[in-house]
Structures are given as structure tokens and as C-alpha cells.
Q: 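Dropping the structure in here first, questions after.
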Amino acid sequence: MHSSAWRKTVISALAVMTLFGGAASAFADGKGKGHDKDNKGHNGHSHEKKPSDRKTSNEIVIRLQFKDEQEMKWALVPIMRLASKGVFTGYEDGTFKPHQTVSRIEALTAAVRMMGLREQAESEEEMRTELHFKDANKIVKQYPWAVGYVAVAVENGLFSETEDKVHPDKPADRLWATMLLVKALGLEDEAQAKHNASLPFRDAKDIPAGAVGYVAVAIEKGLITGYQDGTFKPNRPVTRAELAALLDRTDSQIPDERTVSGVVKAATNGAIVVTKSDNTDVVLPVAANAFIFRGGAKVDASALRAGDKVFVLTYNGEAVFIEVTQPASQSNAFTDAGILNSVTLNAEGRLSTISLTKNTDSGTLAVIYNVAKDVQIVGDASQLTAGRYVEVSGTDSTVTKITIKA
């Protein structure tokens with residue numbers, strides 16, 4: 001196990017990122033093989049990959065589709081956002097089971113993954129850790145895959161000094177889950193400073209004195225809210241959908257290099273061009289089974305429009321999760337430029353598509369546009385050849401004008 005000094009460094013770094021970061025993060029680094037209760041069979045060791053699974057270069061199984069998506073309703077987006085980061089992988093039968101209650105060992109596993117510590121938790125070093133809990137033997141026998149996760153949770157302060165049992169089978173209630181996430185963000189000091197805070201819940205008296213500060217911090221950070229009747233219900237078991245919502249709110253407070261936010265400049269065959277806030281463009285290939293959410297519904301890539309404001313999560317340079325945060329108006333003009341790679345013709349011999357090679361933040365990539373039947377070509381059409389620098393413009397990702405540059 002790593003030293004306490006190392007743990008304090010990590011926690012301090014998380015706290016700094018929480019205070020100063022605004023974008024969502026992708027917590028699922030590492031070479032995990034799916035050793036979590038989410039994707040277990042009865043023997044707890046399933047490596048079967050489904051057609052909807054993806055593997056990153058770090059060997060993390062990413063499941064972008066679940067058979068019971070219709071049951072997720074309000075939690076669909078946070079569930080899929082976390083699934084695209086490998087925090088959740090679902091069950092062996094391809095379901096997510098959003099209404100099923102979460103055990104403490106499942107919640108701990110998800111929290112450690114959210115913290116970006118999956119690779120460490122599943123390393124041989126951590127898996128060999130001798131746990132000093134009274135129910136350590138139960139964990140080793142019934143949840144051998146979780147030994148490393150418990151060890152990493154201890155190292156990163158997710159257990160209090162007085163806890164002598166993990167209680168892996170015990171349902172994770174709202175209070176326990178709230179405290180877990182505040183600890184995951186490294187905000188224990190803030191929580192300690194708020195132990196005398198006044199909580200806005202009718203059942204605040206049911207929250208132990210030592211937990212008041214954690215709940216106060218969670219409210220302040222927007223991690224939790226009460227129920228419509230003004231209660232918090234601290235002892236109510238958390239469902240998988242509710243845990244996903246809690247984790248998603250926590251996760252959104254830490255920046256991540258694998259997220260891209262901006263405006264869609266063009267949505268083409270298999271890729272989108274996104275203009276970021278610094279006015280630079282990035283070309284992102286869209287994964288064949290990417291989860292795309294637009295206009296309150298799950299859609300396919302063809303529904304994306306130039307002008308859509310988007311939040312994108314990527315793996316290995318591909319967009320695997322795209323949320324349209326503000327849809328574009330029905331018609332949107334665009335202009336783009338690059339080196340002509342190739343063109344295709346339709347049955348009538350007219351231009352059908354045009355492919356440009358662009359230098360972007362993510363490297364040199366090709367982007368393909370559809371071409372309108374009445375496209376205007378400015379310049380010598382005979383010069384429309386590979387290697388020529390051209391500018392294209394149009395609306396809704398369809399080119400209506402091609403300018404051949406000298």
C-alpha cells in the first residue's frame with residue numbers, strides 16, 4: 001500500500017481541482033478487466049464481451065448500450081455518461097437494473113473508479129493487500145475482485161478511523177453514500193468545519209452529529225438535494241440510478257482532458273467537427289455505437305446538426321458520449337477549409353461528397369461533407385484535385401459552395 005503522504009497529496013490535488021475545475025471528468029483509467037460486481041455472473045469472473053462493449057487502449061470494457069434503457073428514464077443521461085467512462089459496466093445479461101439497490105461494496109467500487117484509481121485498485125500489488133477489517137475474510141472469499149478496491153479506498157480516506165468492518169453486503173443508504181462522495185472529493189476538512197451547520201431538512205434530527213458537516217458540504221457543492229416533502233431520508237437505500245446521479249454530480253466537479261465542449265461546426269459521415277471556446281476546431285470520429293442524447297431523447301449520429309452545443313466524452317480519440325446541451329436552429333451556415341483528399345460522384349456524375357484533410361488539436365484527420373446538387377464551384381473546376389487547398393461552405397453539413405484556392 002502507498003504511504004499516507006502519497007494519499008494526502010492525491011486528496012489535496014482532488015480538492016484543488018474541485019475548487020477550481022468546472023468541466024466533467026472521466027474516471028476510469030487503467031487496465032481493469034471488469035472485476036466488479038456490475039458485470040459478474042454467479043462465479044464473479046465473467047470476461048465475456050458483448051457486441052455493444054468497447055475496449056480502450058487501457059483494456060477497460062466500455063458498455064454503451066443496455067437492454068433496459070427504457071427503465072432508466074430520468075437517470076438515462078447520468079448513467080450513460082458514467083458508463084462511457086467505465087465507472088459502470090452493467091450486468092452479464094446486458095442490463096443495468098436501475099431500480100436495484102446498491103450494496104456498499106458496489107458503491108465503493110464505483111467511487112474508486114470515479115476517482116480515476118481503477119488501474120491501481122486492480123493492480124497485483126493492491127490485490128495482495130492484507131485487509132485489517134473484522135470482515136476481511138468475507139471480502140477475500142466472496143468478493144476477491146474487490147480486495148484492491150477496498151485497499152485503495154482505505155488509502156484515500158474513504159473509511160473513517162473508527163470503521164472496523166466493510167459491511168460489503170449492507171445496502172448503501174443516502175447518508176453513507178453522501179459521506180463517501182464528500183470523502184472522495186477530499187473535502188473532509190470542510191466537512192469537519194461545518195459540523196455545527198443548520199440543515200434545511202425536516203428530518204435533520206435523524207442525521208448523526210458527526211455527519212452533519214458532510215451533508216452540509218454535499219448541499220453546498222450541489223451533490224445532493226432533498227425530497228419534495230422537505231426530508232432527506234438519510235437511511236433510505238440508494239438505487240443504482242440514484243447512485244449514478246450522485247456520482248455524476250460529484251464527477252462533474254473535476255476537469256478531464258477527455259472531454260470536449262463546444263459548438264458543432266459540421267456533422268458528417270462518421271465524424272463531427274467541434275469548435276471549442278478558444279475558436280479552435282477538433283475533428284472527432286463518432287464511435288459506431290456512441291450514446292447520443294439530443295432534444296430529450298436518445299438519437300443516432302444523423303440527428304446532430306451544425307450549431308448544436310455539445311458536451312462530448314472520448315475514448316481513444318473517438319466520441320463515445322455526445323450530449324447536445326443546446327440544440328441548433330433548423331438551418332445553420334458553416335465554412336471550413338483544408339486539403340482536398342478525395343471526391344465521390346453520384347450516378348449522374350455530379351459531386352456527391354468531398355473529403356478534406358485537416359490539422360486539428362487531435363492530429364491530422366479527414367472530414368467528409370455531403371455536396372448539394374447545385375453546388376457552386378469558384379475557380380477552375382479542373383483544379384479540384386487531391387492535394388489542392390479548398391474552402392467549403394454551406395448549411396446543415398451540406399456543401400453548397402466550393403472555393404478552389406491558388
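Note that the structure is predicted; figures quoted are calculated from it, not measured. Just so you know, residue 1 is the first one in the sequence shown, and it goes up from there.
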Q: So with a 6.0 Å cut-off around CD of Q70, is the heavy-atom count from everything else above 12?
A: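 Yes - once you tally the heavy atoms of other residues, nucleotides and ligands closer than 6.0 Å, there are more than 12.
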Q: Is it true that D336 and K358 make a salt bridge, defined as a side-chain N closer than 4.0 Å to a carboxylate O?
A: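 Looking at D336 and K358, the cut-off is met.
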Q: Could you report the tightest heavy-atom contact between M80 and L64, atom names first, then the distance?
A: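 Between these two residues, the closest heavy atoms are CE-O, 2.9 Å.
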Q: Between I368 and I354, is any pair of side-chain heavy atoms under 4.5 Å apart?
A: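 A side-chain contact under 4.5 Å is absent here.
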Q: Please walk me through it: do T101 and T239 pass side-chain hydrogen bond (donor to acceptor under 3.5 Å, both in side chains)?
A: CA-CA 4 Å; T101 56; T239 66; over 6 Å; no
Q: Sequence neighbours excluded, which residues qualify as salt bridge (Lys or Arg N to Asp or Glu O under 4.0 Å) partners of K134?
A: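 With sequence neighbours excluded, K134 shows a salt bridge (Lys or Arg N to Asp or Glu O under 4.0 Å) to D164, given in chain and number order.
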Q: In terms of side-chain heavy atoms, does Y91 have a donor or acceptor partner in Q100 at a distance below 3.5 Å?
A: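 Result is yes, a qualifying pair exists.
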Q: Strictly distance-based, threshold 3.5 Å: is any side-chain N or O of K67 a donor or acceptor partner for the main-chain N or O of D93?
A: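 Present.
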Q: Using only heavy-atom distances, determine whether the side chains of Y149 and E122 contain a donor-acceptor pair under 3.5 Å.
A: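 Yes, because at least one side-chain N or O of Y149 sits under 3.5 Å from a partner of the opposite role on E122.
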Q: Compute the ring centroids of F334 and Y369, then answer whether they are less than 6.0 Å apart.
A: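 Distance test on ring centres: under 6.0 Å, yes.
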Q: Against K265, only a single residue in D308, D281, T275, T335 fulfils side-chain hydrogen bond (donor to acceptor under 3.5 Å, both in side chains); can you say which?
A: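 Filter result, single survivor: D281.
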Q: So which heavy atom on A287 is nearest to which on V320, and how close?
A: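 For A287 versus V320, the nearest heavy atoms are CB-CG1, 4.1 Å.
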Q: Salt bridge check, D206 against R202: does any charged N sit closer than 4.0 Å to a carboxylate O?
A: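 Result for this pair is no, no salt bridge flagged.
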Q: Does the plane of the ring in F293 sit parallel, tilted or perpendicular to the ring in F291? Use 30° and 60° as the thresholds.
A: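 Parallel, since the angle between the ring planes stays under 30°.
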Q: Could you check R294, K309, R81 and say which one makes a side chain to side chain contact (heavy atoms under 4.5 Å, CB included) with E323?
A: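 Exactly one option meets the side chain to side chain contact (heavy atoms under 4.5 Å, CB included) with E323, and it is R81.
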Q: Starting at CG of D68, measure out to CZ of F96 and round the result to the nearest 0.5 Å.
A: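 One gets 8.5 Å once the value is rounded to the nearest 0.5 Å.
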Q: For side chain to side chain contact (heavy atoms under 4.5 Å, CB included), just list the numbers for V375 and T400, CA-CA rounded to whole Å, side-chain angles, deciding distance to a tenth of an Å, and then say yes or no.
A: CA-CA 4 Å; V375 63; T400 58; 5.6 Å; no
Q: More than 12 foreign heavy atoms under 6.0 Å from CG of N196: is that the case here?
A: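 Open.
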Q: Looking at E190 and K194, does any basic side-chain N land under 4.0 Å from a carboxylate oxygen?
A: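 Answer for the salt bridge query: no.
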Q: Could you tell me the separation between the CD1 atom of I339 and the OG atom of S355, rounded to the nearest 0.5 Å?
A: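 Rounded to the nearest 0.5 Å, the CD1-OG separation comes out at 11.5 Å.
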Q: Taking side chain as C-beta onward, heavy atoms only, is N156 less than 4.5 Å from M115?
A: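 With C-beta onward as the side chain, the pair touches.
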Q: How far does OG1 of T178 sit from CG of D173, to the nearest 0.5 angstrom?
A: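 Separation between the atoms: 8.5 Å.
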Q: Over all heavy atoms of both residues, which pair between L356 and L340 is shortest? Give the atoms and the distance, please.
A: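 Nearest heavy atoms, L356 then L340: CD2-CA, 4.0 Å.
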Q: Is atom NZ of K298 surrounded by more than 12 heavy atoms (other residues, nucleotides or ligands) closer than 6.0 Å?
A: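 Count over threshold, so yes.
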Q: Are any of the side-chain heavy atoms of Q120 and E126 separated by less than 4.5 Å?
A: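 They are in side-chain contact.
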Q: Measure the CG-CG distance between D251 and L246 for me, rounded to the nearest 0.5 Å.
A: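 D251 CG to L246 CG: 12.5 Å, rounded to 0.5 Å.
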Q: Determine the minimum heavy-atom distance between K183 and E163, stating which atoms define it.
A: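 For K183 versus E163, the nearest heavy atoms are NZ-OE2, 4.1 Å.
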Q: Is any side-chain heavy atom of L351 closer than 4.5 Å to one of I377?
A: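 A side-chain contact under 4.5 Å exists here.
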Q: Kindly say whether I105 contributes a backbone atom to a donor-acceptor pair with the side chain of T109 at under 3.5 angstrom?
A: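 Yes; at least one donor-acceptor contact below 3.5 Å.
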Q: When you compare the side chain of L158 with that of L180, does any pair of heavy atoms fall below 4.5 Å?
A: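 Touching, per the 4.5 Å side-chain cut-off.
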Q: What is the minimum heavy-atom distance between A110 and V87, and which atoms define it?
A: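 For A110 versus V87, the nearest heavy atoms are O-CG1, 3.6 Å.
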Q: Do N316 and E318 pass the side chain to side chain contact (heavy atoms under 4.5 Å, CB included) test, and can you show the C-alpha distance, the side-chain angles, and the key distance before you say yes or no?
A: CA-CA 6 Å; N316 294 333; E318 285 189 318; 5.7 Å; no
Q: Got V310 and V274 here, is their nearest side-chain heavy-atom distance under 4.5 Å?
A: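 The answer is yes, as the side chains (C-beta and beyond) meet within the 4.5 Å cut-off.
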Q: Nearest 0.5 Å please: distance from the CG atom of N235 over to the CG atom of L175.
A: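 The CG atom of L175 is 7.0 Å from CG of N235, to the nearest 0.5 Å.
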Q: Is there a donor-acceptor contact under 3.5 Å from the side chain of R305 to the main chain of P327?
A: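 Looks like no, no N/O pair under 3.5 Å.
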Q: Restricting to non-hydrogen atoms, name the atom on F201 and the atom on V215 that form the minimum distance, rounded to 0.1 Å.
A: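 In terms of heavy atoms, the two residues are closest at CE1-CG1, 3.9 Å.
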Q: Heavy-atom distance under 4.5 Å between the side chains of V378 and Q376, does that happen here?
A: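 Side chain of V378 against side chain of Q376, heavy atoms only: contact under 4.5 Å found.
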Q: Please say whether the positively charged group of R63, taken as NZ for Lys or CZ for Arg, lies over the ring of F88, i.e. under 6.0 angstrom from the six-membered ring centre and within 45 degrees of the axis.
A: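 Judged by the rule (NZ or CZ under 6.0 Å from the ring centre, within 45° of its axis), R63 is not positioned above F88.
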Q: Do F159 and F133 make the cut of ring centroids closer than 6.0 angstrom?
A: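 Here the rings of F133 and F159 have centres that are less than 6.0 Å from each other.
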Q: Report the C-alpha distance between E391 and K405 in whole Å, list the side-chain angles of each, state the deciding distance to 0.1 Å, and finish with yes or no for side chain to side chain contact (heavy atoms under 4.5 Å, CB included).
A: CA-CA 7 Å; E391 181 180 274; K405 299 294 185 178; 4.0 Å; yes
Q: Check the pair L223 / V217 against side chain to side chain contact (heavy atoms under 4.5 Å, CB included), numbers first and verdict last.
A: CA-CA 9 Å; L223 307 185; V217 168; over 6 Å; no
Q: Can you tell me how far apart CG (D374) and CZ (R350) are? Round to the nearest 0.5 Å.
A: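 The CG atom of D374 sits 8.5 Å away from the CZ atom of R350.
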Q: Do the non-hydrogen side-chain atoms of L108 and P168 ever get within less than 4.5 Å of each other?
A: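 No. Closest side-chain heavy atoms not under 4.5 Å.
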Q: Using atom types as modelled and distance alone, determine if a side-chain donor or acceptor of D135 lies under 3.5 Å from a backbone N or O of K138.
A: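 No: the side chain of D135 does not pair with the backbone of K138.
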Q: Give me the one residue out of T344, N346, N370 that meets side-chain hydrogen bond (donor to acceptor under 3.5 Å, both in side chains) with T353.
A: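 Exactly one candidate clears the test, T344.
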Q: How about CG on D189, more than 12 heavy atoms from neighbouring residues, nucleotides or ligands closer than 6.0 Å, or not?
A: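 Atom CG in D189 is not packed in, count stays at 12 or less.
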